[in-house]
Every structure is written in structure tokens, then in C-alpha cells.
Amino acid sequence: MAKQKIVVVGAGYAGVSATKFMAKKLKKDDVEITLIDRHSYHTMMTELHEVAGGRVEPDAVQYDLQRLFARQKNVSLVTDTVIGIDKEKKIVKTKLGKYPFDQLIIGMGGEPNDFGTPGVKEHGFTLWSMEDAIKIRKHIEDTVAKAALEPDEATRRAMLTFVVCGSGFTGIEMIGELMEWKTVLAKEHKLRPEEFTLMVVEALPTILNMLDRKDAEKAERFMMKKGIQLKKGAPITEVTADYIVLKDGSQIPTNTLIWTAGVKGTSDAADFGLETARGQRLYANEYMQAKGYEDKDIYIIGDLVHYEENNDGKPTPQIVQAAEQTGHTAAANIVAKIKNTPKHEFKSNYQGFMVSIGSKWGVANLMDKIHLSGFLAIVVKHLVNLLYFFTIRSGYYMFQYMMHEFFHIKNDRNVTRGHSSRYGNVLWSVPLRVFYGSMWLIEASKKVVGDGSYLNPSSWFGSGSWFTDNVVFPFPWLQEQVTTGASAAGSHAAEATTAATGAAGGATDAAATAATHFGFSYAFGENPMPVFEKMPHWFSNIMEFMMPNRDVALFMQKFMTFVEIGIALALIFGLFTWLASAATIGLTVVFCLSGMFFWVNIWFIFVAFALMNGSGRALGLDRWVIPWIQRTVGKWWYGTPRSIYGKK
């Protein structure tokens with residue numbers, strides 16, 4: 001069988017989902033999958049409001065296709081614009097070339113629908129692409145800067161009035177970003193937040209119509225509480241540079257109208273000669289095959305597809321879940337044809353809907369059973385986004401998403417209210433990091449020097465050192481071996497027992513019988529209490545397996561000394577600080593379970609956690625080493641991302 005050529009047009013949610021599915025299922029088949037998009041990246045459309053609203057930078061929602069598909073060797077990437085399809089010869093035509101296909105998936109997405117409203121194209125802003133988001137962001141920043149210097153009160157008020165048309169998810173999430181951003185903008189330009197007017201204008205009498213009514217009402221109450229004005233049942237009939245006109249004839253002075261009121265299929269697909277439904281969408285059957293061209297193996301997916309699942313006149317909704325599921329259906333049917341297995345009909349399975357209003361509050365309706373609002377709804381939204389990266393098998397962008405949303409955030413604009421932000425100055429943790437590393441170095445040095453003098457290296461490795469032939473671990477089976485072993489070992493049994501007890505904190509035989517006192521700091525005259533008086537039985541079994549005899553124990557005590565020295569130096573110089581801190585936590589837990597650690601030193605664990613938040617990047621080697629490793633490993637694993645794909 002000749003190599004099957006599969007072409008996917010569009011790297012949106014649907015196109016990426018379909019390509020990932022086929023790349024995995026056809027990994028062992030003789031196929032070539034070509035993914036064509038006008039951009040070299042995939043855009044997380046549901047998060048564009050964060051860019052437009054100044055919360056994150058553009059790269060936070062841009063995912064390079066090279067990084068998404070670097071490990072799929074049967075996928076080729078092409079950066080180009082599709083201009084036509086020869087359905088008879090089965091060729092996709094682009095501005096720069098031609099691509100023959102055996103199976104074709106068209107997932108070029110949608111575009112804003114202004115319903116012919118005068119002035120929207122000339123004076124309004126849409127939010128349907130990265131370019132749109134950046135344009136809105138710059139316009140708002142420039143407008144607020146000019147408004148701060150505008151002496152005329154009425155003109156200034158109009159400049160600081162921001163109107164969103166449409167109360168769907170995009171519109172409400174956009175106004176939520178402006179709700180938070182206005183505080184930042186006001187501070188930067190010496191304005192009062194009260195001078196800003198935020199408004200949602202909706203043609204229908206209700207908002208968020210894909211949500212349960214109770215959830216939508218919660219969202220409405222929250223927005224009103226935050227000072228957002230809602231004008232319902234108020235269609236916009238005209239947009240000018242200085243005001244908008246409502247159906248009742250009233251005018252709202254504003255220089256900023258963000259139009260999110262509708263979506264239609266992309267006009268780029270209008271000349272493909274496929275049967276068109278309302279809103280420029282393309283008809284497809286239950287297998288996502290283009291209507292009238294089922295024999296040509298052409299499939300339609302995503303926002304572009306018009307398929308009425310229940311024959312009720314309602315096509316699949318233009319949402320992410322539907323895009324992914326239509327993409328999966330088309331891909332599954334291509335796989336079925338190649339593998340000669342039964343076809344798959346489209347069956348929708350929408351798990352719920354959620355909307356964020358700013359970075360800290362939202363509403364969610366999950367599986368028609370679970371209703372969440374506030375903090376929990378935002379947490380769920382983040383989990384859903386992380387699940388998306390898992391489904392497209394991109395651990396890299398899952399990590400990047402967490403960094404952008406939780407750590408690389410400014411002005412406290414995240415669900416943790418900035419507490420997880422890396423922009424909290426880690427410089428002030430440097431003294432703690434150096435002190436903590438020095439403490440480990442001193443403790444490790446004691447194990448080397450023993451009873452010798454630090455200034456006399458020839459006295460090191462003698463009595464009291466962990467580098468003698470005496471076992472210092474106070475484990476019963478090792479002490480029994482010392483007592484019953486060879487005469488040389490037996491002659492040092494008392495010394496070994498004393499050293500072992502000293503490793504547990506300097507306790508003597510007399511002190512061991514004295515009453516111990518719980519506390520988090522040393523108190524004069526009290527004997528500190530160990531975390532565990534004796535090892536738990538299960539841990540004792542593990543230790544006995546790891547150190548069954550005296551020789552292994554002697555090796556381990558020397559090895560542990562070098563480990564502690566390594567951890568100490570890493571912390572002092574800020575190299576691999578996160579790993580070194582994690583190692584100290586692990587060691588402390590082991591010491592606790594071994595009966596060799598006191599409550600007064602339990603702070604070791606909490607200091608290690610505190611140092612894991614990037615403390616090595618301030619006056620430490622991690623500032624240079626970690627970025628170098630990320631660049632080097634990233635280039636080796638993913639290759640070099642380019643602005644245009646498809647060139648040899």
C-alpha cells in the first residue's frame with residue numbers, strides 16, 4: 001500500500017487534537033501527516049483575554065508547533081496560507097506551494113461576526129487572534145496614558161470608558177481582566193480607579209446563556225458588586241470613533257468598544273466550493289465528512305463545521321470541547337479507513353462550562369451536577385487547562401503554563417493573589433540560603449574532623465570521625481555485629497556506641513535514660529525529645545535491607561558525609577538550589593525515622609521549603625546555570641523553533 005498523505009489545515013484546538021491523535025495511532029503505519037497553518041504557533045484562544053487585559057505576555061498563550069510535535073516523526077509542519085482546494089485532483093493549494101492528499105481535514109476555525117453593524121470594522125476591536133489581543137492591549141495602554149493628561153472632563157471620561165459588546169464567555173472574561181487591570185493602570189498613570197467606567201452591553205435580556213441560570217446570576221451579582229455596568233436587552237446599532245449608539249437611540253461616549261458578540265466560520269474557506277450553512281460554516285455529516293464530498297475524504301472540524309447532532313437546527317457549539325471532539329472524530333475515521341476498522345459517529349460529551357471574571361473569581365458548572373463559584377471555580381479552570389496540555393502530550397507547555405499563571409505574574413493577578421509570584425523579591429532569602437548551607441557544611445565537617453582540630457588537617461579522620469572503622473549508626477543489628485564480631489571490632493564497641501549516640505545529637509547513656517522534653521528550641525537543663533524514640537518497624541526493615549552489615553554501613557556513613565558537603569556547597573553558591581533543598585527535606589525525614597533527629601531541629605524542613613522558590617537565582621549560580629540547561633536541553637529535545645516552517 002502506497003504511503004498515505006494526510007493534510008490538516010489549521011493548528012487550532014481541533015487541528016492540534018486531530019493531528020496528535022493520528023500521529024499516535026498511525027505511528028507504525030506508512031503515513032505522512034502535514035499540518036499547515038499561517039502561524040508557526042498554536043494559540044490558546046480561551047486565554048487571549050489575559051494578553052489583551054495586560055495580565056500575561058503574549059508568549060504565555062503561544063505554543064510553538066515545533067515544541068508540540070518535535071517527537072512525532074510522522075508529522076511535518078508548514079507555515080503557509082491555504083488559498084484553495086482542488087477536490088478532484090485532491091490537492092491543497094497554498095501561497096507558496098501545493099500539497100497532495102489522500103485524506104484532508106479542514107479546521108481553519110472562525111472569525112468575529114459583526115452582523116453587519118455599521119462602524120464595527122472601522123472603530124471597534126475584536127478578540128479572536130493574538131494580533132487582536134496585542135492591539136487591544138496597546139490601545140488601552142495608550143488611551144489611559146492620554147486620558148491622564150486630558151484636561152477636558154467629558155473627553156477624559158469617554159476615554160476611560162471601556163465597553164464590551166457581548167456577554168458570552170469571551171466578553172465576560174475580557175471585562176473581568178479590565179476590572180483588575182484598571183487598578184494597575186490607575187496607579188501607573190496617577191489616576192483613581194473610580195474614574196474608569198467598565199460596561200457590558202448585551203442584546204439579549206440575559207447574560208452567559210450557556211451557563212445554568214443560578215450560576216449566571218452569581219456572576220452578574222459579582223460584576224455589579226465590582227462596579228461593572230450591565231446593559232441587557234440593548235443591541236448596538238452603530239459604532240463611531242467617539243461613541244456607540246444603542247437600539248433605543250441612546251449614546252454611550254467611549255473610545256473603546258471590544259466586540260465579542262458573535263462568531264462565524266472563517267471567510268478564508270468561502271472559496272473552497274463546499275456547501276455552506278449560515279454563519280459561513282461548512283456542512284458535515286456524522287463522521288465529520290464534508291457534505292457532498294464524502295468520497296473525496298474531506299473532513300470539516302472545529303468552529304468551521306456545521307453539524308446538527310439532534311437535527312434540531314442547532315449545530316455543534318463553537319467552543320473548545322466541541323472543537324476537540326469534532327477533531328477527534330475526523331481523525332478517528334481517517335485511522336479507521338487506513339486500518340480498515342468501523343467508522344465512528346460524532347457523539348458530543350461536554351463536561352461543563354466555566355468562566356473567569358478576573359484572575360481570582362469565577363463560576364463553573366461541571367457535568368450539570370457540580371456548581372462552583374469564586375476561588376474553587378478558578379482552581380478548576382486551571383486544572384482543566386493543565387489537563388488540556390496532558391491530552392496533547394506537552395509536558396513542556398504544562399510546565400510553562402504553571403510558571404506563567406502562578407509564578408511569573410505581576411500585580412498579584414493570579415489565583416494565589418500573588419503569594420506564589422516569583423516577583424516577590426527572593427534577594428532577601430539569600431542570607432537564609434547561605435546560613436542554611438553553612439550549617440550543613442559545619443555538620444558535615446564535624447563528621448570529617450571528629451575530635452581533631454579544624455586547623456590541623458593531620459588530625460582529621462581520627463577519633464569521633466565518620467571515616468574510622470567504627471559504625472556510628474545506632475541500628476540494633478549493626479551494634480550486635482560490632483559486639484559479636486571480630487576482636488578488633490569488639491575492642492572498639494564502646495567507642496562506636498558513644499559515636500553513634502553522638503550522631504543522634506550528642507546524647508550520652510545517662511542522658512538517654514533522663515526524661516526528654518518536647519520543644520522547638522533548646523532549653524537549658526532539658527533533654528530534647530527525638531521525633532521518633534525508635535525506628536518504626538517498617539522503616540527498620542528498609543534500613544536493614546540497605547545496610548545489612550558493618551561494611552555497607554561504613555561505606556554509607558562516608559558517602560552520606562560527601563552528600564551533606566555537596567548539599568552545603570550547592571546551597572551556599574546557589575547551584576541547583578531547588579534540588580538541594582528537596583534533598584535536605586528527604587534526608588531530614590530519613591533522620592527523623594531513624595531516631596536520629598530532635599523536634600528542636602524540625603525547622604530544617606521548613607527552611608528547605610522556603611528556599612525552593614527560586615532563591616538560587618538571586619546572587620547564586622542558578623541565575624545562569626538553569627537558563628543555560630533549559631536552552632541546551634530544549635534545543636536537543638525539541639530542535640530549534642522557527643518563525644516559518646516548511647522550508648528545507
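The line from OG1 of T197 to CD of Q229 is 6.0 Å long, rounded to the nearest 0.5 Å. The distance from the CE atom of M108 to the CG atom of D303 is 12.5 Å, given to the nearest 0.5 Å.
Side-chain atoms of K25 do not come within 3.5 Å of backbone N or O of V335 as any donor-acceptor pair. With hydrogens and angles disregarded, a donor-acceptor distance shorter than 3.5 Å links the side chain of E308 to the backbone of G313. Although no hydrogens or angles enter the test, the distance criterion places a donor-acceptor pair under 3.5 Å between the side chain of H42 and the main chain of A11. Although no hydrogens or angles enter the test, the distance criterion places a donor-acceptor pair under 3.5 Å between the side chain of T79 and the main chain of Y645.
The environment of CZ in F115 is crowded: more than 12 heavy-atom neighbours from other residues, nucleotides or ligands sit within 6.0 Å. Residue K314 qualifies as open at atom NZ: its count of foreign heavy atoms under 6.0 Å is 12 or below. Open room surrounds NZ on K231; 12 or fewer heavy atoms of other groups in view lie less than 6.0 Å from it. Within a 6.0 Å sphere centred on NZ of K135, heavy atoms belonging to other residues, nucleotides or ligands number 12 at most. Summarising the local packing, NZ of K90 is surrounded by more than 12 heavy atoms from other residues, nucleotides or ligands at distances under 6.0 Å.
Judged by a 6.0 Å distance limit and a 45° cone about the ring axis, K89 is not positioned over the six-membered ring of F101.
A salt bridge is defined here as a Lys NZ or Arg NE, NH1 or NH2 lying under 4.0 Å from an Asp or Glu carboxylate O, and E88 with K296 meets this definition.
Looking at R55 and W181, their side chains never come closer than 4.5 Å, going by heavy atoms from C-beta outward.
For the 3.5 Å distance criterion, the side chains of Q351 and N349 qualify, holding a donor opposite an acceptor.
What you find for E324 and S17 is that their closest heavy atoms are O-OG, 3.4 Å.
The side chain to side chain contact (heavy atoms under 4.5 Å, CB included) test with I258 singles out one residue from I136, T126, D132, T170, and that residue is I136.
For F346 and Y287, the gap between ring centers reaches or exceeds 6.0 Å.
Ring geometry for F196 against F162 counts as parallel: the plane angle stays under 30°, on a 0 to 90° scale with 60° as the upper cut.
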